[in-house]
Chemist: 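Right, I'll just put the structure down here and ask away after.
Just so you know, these numbers use all the heavy atoms, side chains as well, and skip hydrogens, waters and symmetry mates. Labels below follow one simple rule: chain letters A, B, ... track the order of the sequence lines, proteins then strands, and each chain is numbered from 1.
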Amino acid sequence: MLSHSWHSPAVRVTLSAALLAWYDRHRRRLPWRAERGAAADPYTVWLSEVMLQQTTVAAVGPRFESFRARWPSFAALAVADDAAVMSAWAGLGYYARARNMLACARAVAAEHGGVLPDTESALRQLPGVGDYTAAAIAAIAFGRRAAVVDGNVERVVSRLFAIGEPLPGARTAIKARVAELTPAERPGDYAQATMDLGAMICTPRRPACALCPVAEWCVARATGEQERYPVKPTKRERPRRYGTAYWLEDESRVLLVRRPATGLLGGMRALPTGPWEDAPPGLVGAPSDADWELLARRGVEHGFTHFHLTLALAQATGTSDMAGEWWPVGELGSAGLPTVFRRAAEAFVEELGVVE
DNA sequence: CAAACGTGGAG
DNA sequence: TCTCCAAGTTT
């Protein structure tokens, strides 16, 4: 049985102080993170937070640096070319984030005088800024006492309090606990401390409780049940869908299209495709009535969040009435294709023996 | 509110 | 090979 009472403010202060002290010694050094005692500028915080949504620190690192170098401010991003931004985002996934970022930068420029609002409620109104991101920016960039709850915090807090309710329902209780625990001093560091703890110590599997600075307060740890939390909802199994990607080549150029602004891979450059269905659709939706050859090679397999895709590959030569861009085959690397189409293009090039 | 929305790395 | 999951948001 734990010797601490969770209703004691003194215990909360002690726990938060222990976490901050641990953070001061062990925090990760990240490109978007200011040195101790300094505050990162709001643009840097916002950009990193959006890039990090559902995306690993390792994946974001290099992309963040190049993105910030190219568009170093809200003003610069607000006047950026849409296609250039989408290409820069290619491969990072969740492409609505890139569309929302542009909309957000333009809203900041047009409606906020180019300055990011500094309150959680005003931030929450911006495109692509939800509960988590609004709180994170308010705390980290502006020093406001906002309750920051991401996946790391959900894990840490659900273990600390042994919250048995499954996510996402448990989020209300978790947020209430975080609101109590977040100190008035250094709220941004406190939020990042909890996230670093979740990333490095309080991991999903085999958490390193022996190294945890707040283990003595952890209810789950007290009963050895730390890996039971957080309780996740039962996941649906992912269906399989089938489609066809078309490679239409003319004078060493291939036809690329721009996908519709919303929906899967929305706004991204892509190979033409037909519908994606429960069975192979054959040559439906081809960009011309050429003599299509379905490549014998197995199609491209790709896993999306909510379904698996098997993409058949069809190739032909000639022109098309379909709106699009004729892209030099040797320069496809700069086309900004999402991964599934980059893979498909690689398969075509390999199969057709195109020389760059 | 449940479902849509990407990708790559870890175990 | 396959499941899990990562600084979530939008509809």
Side-chain angles (χ1 to χ4, degrees), chain A residues 27-28 30-33 40 44-64 86 89-101 103-104 123-141 146-156 166-169 171-172 175 178 188 190-200 202-206 227 230 232-241 259-268 270 276 300-309 337-343:
Chain A
R27 69 194 205 126
R28 293 177 287 181
L30 302 171
W32 45 86
R33 200 173 259 184
T44 291
V45 175
W46 167 79
L47 178 61
S48 64
E49 290 302 340
V50 172
M51 294 188 98
L52 286 161
Q53 288 167 5
Q54 294 290 286
T55 308
T56 58
V57 165
V60 168
R63 310 300 292 277
F64 170 82
M86 299 312 286
W89 203 271
L92 266 182
Y94 284 142
Y95 299 101
R97 291 183 295 168
R99 303 192 300 268
N100 287 332
M101 281 186 81
C104 183
L123 288 162
R124 186 64 181 79
Q125 302 306 310
L126 294 167
V129 178
D131 288 341
Y132 161 76
T133 303
I137 295 172
I140 297 169
V148 178
V149 180
D150 77 327
N152 290 299
V153 177
E154 286 176 355
R155 187 167 58 255
V156 169
L167 290 170
R171 215 163 275 151
T172 304
K175 182 132 185 168
V178 172
Y190 177 79
Q192 294 179 92
T194 316
M195 293 191 278
D196 275 17
L197 188 77
M200 296 189 288
C202 195
T203 50
R205 280 160 296 194
R206 301 185 59 88
E227 287 197 70
K232 301 274 182 137
T234 58
K235 54 275 177 189
R236 286 192 354 179
E237 80 176 73
R238 296 190 289 181
R240 179 166 298 281
R241 291 189 195 158
R259 290 180 63 82
T262 58
L264 191 69
L265 310 175
M268 298 301 287
W276 296 359
V300 169
E301 293 291 329
H302 192 76
F304 290 104
T305 306
H306 51 299
F307 67 94
H308 290 285
L309 178 67
L337 295 177
T339 299
V340 62
F341 290 115
R342 181 174 59 76
R343 297 250 166 83

Chemist: Go through the structure and list residues passing ring pair (Phe, Tyr, Trp, His ring centres under 6.0 Å) with A:Trp276, not counting sequence neighbours.
Modeler: none
Chemist: Is the backbone of A:Gly198 close enough, under 3.5 Å, to the side chain of A:Arg155 for a donor and an acceptor to pair up by distance?
Modeler: yes
Chemist: Please name all residues satisfying side chain to side chain donor-acceptor pair (under 3.5 Å) with A:Gln54, sequence neighbours left out, ordered by chain then number.
Modeler: none
Chemist: For A:Val60, answer base if it contacts any base atom (sugar-phosphate contacts may also be present), sugar-phosphate if it contacts only those atoms, and nothing otherwise; contact means non-hydrogen atoms under 4.0 Å.
Modeler: nothing
Chemist: Would you tell me if any nitrogen or oxygen in the side chain of A:Thr133 comes within less than 4.0 Å of OP1 or OP2 on C:dA7?
Modeler: no
Chemist: Can you tell me the distance, in whole Å, between the CH2 atom of A:Trp46 and the P atom of C:dG8?
Modeler: 17 Å
Chemist: In chain order, what residues pass the side chain to side chain contact (heavy atoms under 4.5 Å, CB included) check against A:Arg28, with sequence neighbours excluded?
Modeler: A:Leu30, A:Arg33, A:Val57, A:Asp196, A:Ala199, A:Met200
Chemist: When the C1' atoms of B:dG6 and C:dC5 are compared, how many Å lie between them, rounded to an integer?
Modeler: 13 Å
Chemist: Say you draw a straight line from CH2 of A:Trp89 to OH of A:Tyr95; how long is it, rounded to the nearest 0.5 Å?
Modeler: 10.0 Å
Chemist: Can you tell me how far P in C:dT10 sits from the matching atom in B:dG8, rounded to whole Å?
Modeler: 24 Å
Chemist: Earliest and latest nucleotide of DNA chain B, 5' to 3', sitting under 4.0 Å from a non-hydrogen atom of chain A?
Modeler: B:dA3 to B:dG8
Chemist: What are the atom names and distances for every N/O pair under 3.5 Å that joins the protein to nucleotides 3-6 of chain C?
Modeler:
| from | atom 1 | to | atom 2 | distance (Å) |
| --- | --- | --- | --- | --- |
| C:dC4 | OP1 | A:Lys235 | NZ | 2.9 |
| C:dA6 | OP1 | A:Arg155 | NH1 | 3.2 |

Chemist: So which one's nearest nucleotide on DNA chain B is more toward 5', A:Pro168 or A:Thr339?
Modeler: A:Pro168
Chemist: Measuring from atom CD1 of A:Ile140 to atom OG of A:Ser48, what distance do you get when rounded to the nearest 0.5 angstrom?
Modeler: 7.0 Å
Chemist: Using a 4.0 Å heavy-atom cut-off across all strands, classify A:Ile137 as base, sugar-phosphate, or nothing.
Modeler: nothing
Chemist: Between A:Tyr132 and A:Gln53, is the side-chain hydrogen bond (donor to acceptor under 3.5 Å, both in side chains) condition met? List the steps.
Modeler: CA-CA 9 Å; A:Tyr132 161 76; A:Gln53 288 167 5; over 6 Å; no
Chemist: Say you pick atom P in B:dA4 and the same atom in C:dA7; how far apart are they, in whole Å?
Modeler: 24 Å
Chemist: For A:Phe304, which residues count as a ring pair (Phe, Tyr, Trp, His ring centres under 6.0 Å) partner, sequence neighbours excluded?
Modeler: A:His302, A:Phe307
